Amino acid sequence: MLQVSVLKEHTDAVLAGLAKKHYKTAEADVQAILELDQRRRHLQTEHDSAQAEANELARQIGTLMKSGDKAGAETLKQRTAELKQQTKAHADELAQVESALQQTLYKLPNLPHSSVPEGRSAQDNEVVREVGPQPQLPADALPHWELIKKYDIIDFELGNKITGAGFPVYKKQGARLQRALINFFLDEARNAGYDEVQPPILVNEASGYGTGQLPDKEGQMYHDAQDNLYLIPTAEVPITNLYRDEIVGTERLPVRNAGYTPCFRREAGSWGADVRGLNRLHQFDKVEIVQITHPDHSYQQLEEMLGHIEGLLQKLELPYRVLRLCGGDMGFTSALTYDLEVWSAAQGRWLEVSSCSNFETYQANRLKLRYRAENGKTQLLHTLNGSALALPRIVAALLENNQTPEGIRLPQVLHSYCGFDKIA
């Protein structure tokens, strides 16, 4: 979340950033935060003053009792009782004000980086670069949802029988391809200096708030009400929360972690061609890379992460493009996001397979994730993450782009991982 100090000292810049993200109630919410903070400070001062006076009176009462002045001591005791009521009232109101302040801060999205383009929707995103030729398929080429039936490698009907729509069953060469891609992505991450972790896929409420999924995306997460736990929408949540409430030594920076998890998203409201086949699922596999870094180096690290993800797509021989998202299409918590999309030849369109983002101090402020500066004071770190990679649309593009009359050719880099060079 945004820091109150930033809102106070740079109010105009904050409002301009929120406007770029098309946050409609920016002025009212920022004003409410500033007023709540002022009230909080006033109450804290009143509380501390009353507490100090009570402590001083307690000292004086002790002196009067020793001297035998019971009447004088009784008078001060009456004042002490009044102060006790005041401090309780102050503490109660202070708790209410602090809660209201926190909830209003949770509503504000992160401020966009200066390089984020203006715009309201995906149509306004900036194409940074496009890499690789788009394959030309014959007229009878099939989309991946037909190919998976033809080669019997993924079964949506079985998944629907077991669970419901959006939970496919991978089988035979399809299951082996899934495992191969996961292992390939994890090996590449390890070779790039990321430490592999295998985190829980259920997280508590504090973890959801820590990385910003709560309260923003509460309706999109699967929730176990009995234990108040959430199925993760991405490994970003548990991996970043490994460092909640920590002061990380500068000698450890940047912290690099990678992890494979299944991911769960309700995808409420999704419809149309975008949801066919593997294009949009409720459960899918993904390898995530996460970095925690010094604020001075976070944008250098973002470019490094982006290069790593591009390297995966190049090794998979998939044509792709890199987009810099505009203010209106960015995620709630992000300061700058690159999306990577692969070309789906049979569908004739781009499919998003990765988002790579810098959150600056937004998540770290929620997480209380800090480092100790040279002056000895603690400062907030920067957090970053990226999909490296999400499997469903990668699989869709591999199947569609590489279909031949003899079967589906797989890129060279996957042959040893799969144990076969084509799906037939």
Side-chain angles (χ1 to χ4, degrees), residues 131-132 153-154 170-201 232 234-240 242-243 252-263 278 281 283-293 300-320 322 338-342 351-357 383-399 401-402 408-423:
V131 180
I153 55 175
I154 303 174
Y170 300 84
K171 55 186 183 179
K172 303 177 183 177
Q173 286 184 301
R176 293 173 66 185
L177 176 59
Q178 286 283 110
R179 180 158 50 89
L181 285 166
I182 292 166
N183 288 337
F184 167 60
F185 294 153
L186 286 173
D187 286 350
E188 290 294 302
R190 186 177 65 253
N191 293 338
Y194 290 87
D195 293 328
E196 184 177 342
V197 295
Q198 189 171 11
I201 61 173
I232 61 170
T234 166
E236 164 202 347
V237 182
I239 293 177
T240 311
L242 293 173
Y243 305 95
R252 294 173 59 192
L253 299 176
V255 174
R256 293 184 174 94
N257 286 137
Y260 153 71
T261 65
C263 303
L278 297 171
L281 302 174
Q283 177 183 332
F284 60 94
D285 292 321
K286 179 156 68 78
V287 172
E288 191 82 358
I289 53 175
V290 173
Q291 288 206 32
I292 296 166
T293 187
Q300 176 185 338
Q301 299 306 119
L302 180 64
E303 295 300 322
E304 177 199 279
M305 293 173 73
L306 178 62
H308 172 74
I309 299 167
E310 289 190 69
L312 297 177
L313 295 175
Q314 291 165 11
K315 290 179 180 180
L316 291 174
E317 303 170 25
L318 290 172
Y320 68 91
V322 179
Y338 292 110
D339 269 7
L340 292 96
E341 300 178 334
V342 295
L351 302 176
E352 179 196 334
V353 293
S354 175
S355 284
C356 187
S357 301
T383 62
L384 307 91
N385 71 49
S387 309
L389 287 159
L391 270 69
R393 295 173 187 171
I394 290 290
V395 171
L398 286 173
L399 296 178
N401 294 2
N402 298 312
I408 298 170
R409 177 188 61 83
L410 294 177
Q412 179 70 37
V413 73
L414 292 182
H415 291 180
S416 61
Y417 284 96
C418 289
F420 50 86
D421 59 9
K422 68 179 178 180
I423 295 173

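Note that this is a predicted model, so its numbers are computed, not measured.
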Hey, what do you get for [atom1] ([X]) to [atom2] ([Y]), rounding to the nearest 0.5 Å?
X: D421; Y: H415; atom1: CG; atom2: NE2; result: 5.0 Å
X: I182; Y: D285; atom1: CD1; atom2: CG; result: 4.0 Å
X: L384; Y: L306; atom1: CG; atom2: CG; result: 11.5 Å
X: E236; Y: S357; atom1: CD; atom2: OG; result: 8.0 Å
X: L302; Y: N385; atom1: CG; atom2: CG; result: 10.0 Å
X: L278; Y: L391; atom1: CG; atom2: CG; result: 10.0 Å

Looking at [Y], is its backbone amide N or carbonyl O close enough to the side chain of [X] to form a donor-acceptor pair, meaning the two atoms are under 3.5 Å apart?
X: R393; Y: E352; result: yes
X: R176; Y: C418; result: yes
X: S387; Y: S354; result: no
X: E317; Y: G132; result: no

| task | Could you tell me which residues satisfy side chain to side chain donor-acceptor pair (under 3.5 Å) with Q283, sequence neighbours excluded, listed by chain and number? | result |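 By the side chain to side chain donor-acceptor pair (under 3.5 Å) rule, Q283 matches no residue at all.
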Do [X] and [Y] come close enough that some side-chain heavy atom pair is under 4.5 Å?
X: L313; Y: V353; value: yes
X: Y338; Y: E303; value: yes
X: L410; Y: N402; value: no
X: L414; Y: L398; value: yes
X: L389; Y: I309; value: yes
X: N257; Y: Y243; value: yes
X: L312; Y: L318; value: no
X: P199; Y: L242; value: no

What closest approach, in Å, do [X] and [Y] show between heavy atoms, and which atom pair accounts for it?
X: S416; Y: V413; answer: OG-O, 4.3 Å
X: P392; Y: F284; answer: CG-CB, 3.3 Å
X: I239; Y: A258; answer: CD1-C, 4.2 Å
X: E196; Y: L186; answer: OE2-CD1, 3.5 Å
X: R256; Y: E304; answer: NH2-OE1, 3.0 Å
X: G386; Y: M305; answer: N-CE, 3.7 Å

| Is the count of non-hydrogen atoms from other residues, nucleotides or ligands lying under 6.0 Å from Q198 atom CD greater than 12? |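 Open.
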| query | Distance only, no hydrogens: is a donor on one side chain within 3.5 Å (strictly under) of an acceptor on the other, for Y194 and E188? | reply |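 Per modelled atom types, Y194 and E188 side chains form no pair under 3.5 Å.
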| request: Report the C-alpha distance between Q314 and Y320 in whole Å, list the side-chain angles of each, state the deciding distance to 0.1 Å, and finish with yes or no for side-chain hydrogen bond (donor to acceptor under 3.5 Å, both in side chains). | output: CA-CA 8 Å; Q314 291 165 11; Y320 68 91; 2.8 Å; yes
| task | Check the angle between the aromatic planes of Y417 and F184 and answer parallel, tilted or perpendicular using the 30° and 60° thresholds. | result |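 Answer is perpendicular, since the angle exceeds 60°.
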| Evaluation steps, side chain to side chain contact (heavy atoms under 4.5 Å, CB included), between V290 and V255 | CA-CA 8 Å; V290 173; V255 174; over 6 Å; no
| message | Suppose we screen for salt bridge (Lys or Arg N to Asp or Glu O under 4.0 Å). Which residues come up paired with E288, at least two apart in sequence or across chains? | response |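 Checked E288 against salt bridge (Lys or Arg N to Asp or Glu O under 4.0 Å); matches are K286.
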| query | Going through the checks in order, is the side chain to side chain contact (heavy atoms under 4.5 Å, CB included) test met by L177 and I153? | reply | CA-CA 9 Å; L177 176 59; I153 55 175; 5.8 Å; no
